[in-house]
Amino acid sequence: MASQVTCEQRLNVRWLGCDGDANTGKDDESEVNVAATVHFLTVCCSNGMSTYLVPDQNTCHQPTSITGENQIPTEEEQAYKKLDEKLKGLLATLPKDKGWRSANIYLHEGFWLSPQVIKGLLMINNYFHAQSTDIFLAAFMKCGTTWLKALMFATANRHRYSFSDHPLRRNGPQSAFPFLDTHIFLDYPITKFEHLPSPRMFATHFAHSLLPTSMSSPSSTCKFVYVCRDPKDALISKWHFMSKLRSKELPPLSFNEAYELFCNGVSEYGPFWDHVLGYWKASQESPEKILFLKYEDMKKEPSVELKKLAAFMGMPFSAEEEKGGVVGEIVKLCSFENLSNLEVNNEGGGAQKFTAQVVVENRDFFRKGKVGDWKNYLTEEMRERIDSITETMFKNSGLTLGLTKEA
């Protein structure tokens, strides 16, 4: 990444590779370019681009820019370099395949991840300290994360803000709370999250089996909200999303190619079915710890699912709130129709920074938000193949998801 990026360039150029060079999509297995990172953080802060909301401060947290007066502690810098060396050695041992956004992704402990995301996982295991009241939103990519972030933030903070002047009207839903997978190193070199009020909320795409035991063990009191979706719709949405972010130096990923990769389990954070099944089984074993939601159910009865969500979070709606229409107000505020039409989520409205290289415009998180859009893309043969994989993978699990075959 060049160190001469300006605010104007940041707005006009997509930073395209979670695991690669911003311009070429080539694998980036070298040490972090501190100068470029510092410059980028300074640019983003000066441009006022938010990363996530901090309710108690009624403001948006921004990464700490590193200057001559604010040097990185030597101990943390050394720890970060050692971790970077560990990542480089690890990548050399892992199988790799074609990435949807950049050149390659790597198979790490059964799941396909980019190098930057693997780095985030190493940092989470080494430095993240879960608190007993933490609440995590987990999902495979493009299965409802944006919607759930808005719903969870609005529910948890319904006594802080009025619906007419709500922070979600000025900030994209992705800014509601931190995306743990990469925000762990967004404040170079290590983010502590000590400034967040309790209960802290985080989002993650990591599979359940990849999470540290401090988060996922039966003895942990952390809570997880998991949302899944018909794999056929997840495929369509993910292909559109990743195509927008894919490096222009790489050939486009055709839909047929994406379909084959998806069916073979090869996509960022995939295989899809293993991801869903991991959280499903954990939710069956510990229903008090993991709330398992389906995107289709939420679209069908949003108020019912929202009340279920609030109760699970330990923030149930009172009879007075229900009578006063609070549930309906949150559903309306966080609806696809409302959020997608807000200025902040439209052309030039704003962007969300995930790493020094990856900035995604808010508008790119919104496409259709519909159930069944796969019918416009999949042939009958394609549909049958995905349904067959789903049926086979979920057999005897008690979980049904997106099956459309007639009995």
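All values below were derived from every heavy atom in this structure, side-chain atoms included, with hydrogens, water molecules and symmetry-related copies excluded. All values reported here derive from a predicted model rather than from experimental measurement.
Partners of E301 by salt bridge (Lys or Arg N to Asp or Glu O under 4.0 Å), not counting sequence neighbours: none found. Residues passing the salt bridge (Lys or Arg N to Asp or Glu O under 4.0 Å) test with E296, sequence neighbours excluded: none.
Remark: of the listed residues K119, Q116, M123, K119 is the sole one forming a side chain to side chain contact (heavy atoms under 4.5 Å, CB included) with L87. If you run ring pair (Phe, Tyr, Trp, His ring centres under 6.0 Å) between W273 and each of W280, F140, F262, only F262 comes through.
Rounding to the nearest 0.5 Å places CG of L94 at 7.5 Å from CG of L107. Expressed to the nearest 0.5 Å, how far OG1 of T133 lies from CE of M313 amounts to 11.5 Å. Between the CG atom in D387 and the NZ atom in K232 there is a gap of 4.0 Å [rounded to 0.5 Å]. We find the CZ-CG distance between F128 and L211 to be 10.0 Å, quoted to the nearest 0.5 Å.
Across R101 and E268, no two heavy atoms sit closer than the pair N-OE2, 3.3 Å. Pairing each heavy atom of L399 with each of F394, the nearest pair is O-CB, 3.6 Å. The minimum heavy-atom distance linking W112 with S267 is given by the pair CB-O, 3.5 Å. Between M315 and P199, the shortest heavy-atom distance links the atoms CE-CG, 3.6 Å.
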Evaluate the criterion side-chain contact (heavy atoms from CB on, under 4.5 Å) for residue pair M215 and F206; output intermediate values, then yes/no. CA-CA 12 Å; M215 293 166 58; F206 283 127; over 6 Å; no
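Because its NZ or CZ atom is not both nearer than 6.0 Å to the ring centre of Y161 and within 45° of the ring axis, R169 does not count as a cation-pi partner of that residue.
Salt-bridge formation is not detected for the pair E85/K82: no Lys NZ or Arg NE/NH1/NH2 atom is positioned less than 4.0 Å from an Asp or Glu carboxylate oxygen. Ion pairing of R170 with D165 is present here, as a side-chain N (NZ or NE/NH1/NH2) and a carboxylate O approach within less than 4.0 Å.
Under the 30°/60° scheme for interplanar angles, the aromatic rings of F224 and F136 are found to lie parallel. Ring orientation note: the planes of H166 and F153 are nearly perpendicular, at an angle over 60° on the 30°/60° scale.
Each ring pair (Phe, Tyr, Trp, His ring centres under 6.0 Å) pair with one or both residues in residues 293-312, not counting sequence neighbours, appears once here: W147-Y295.
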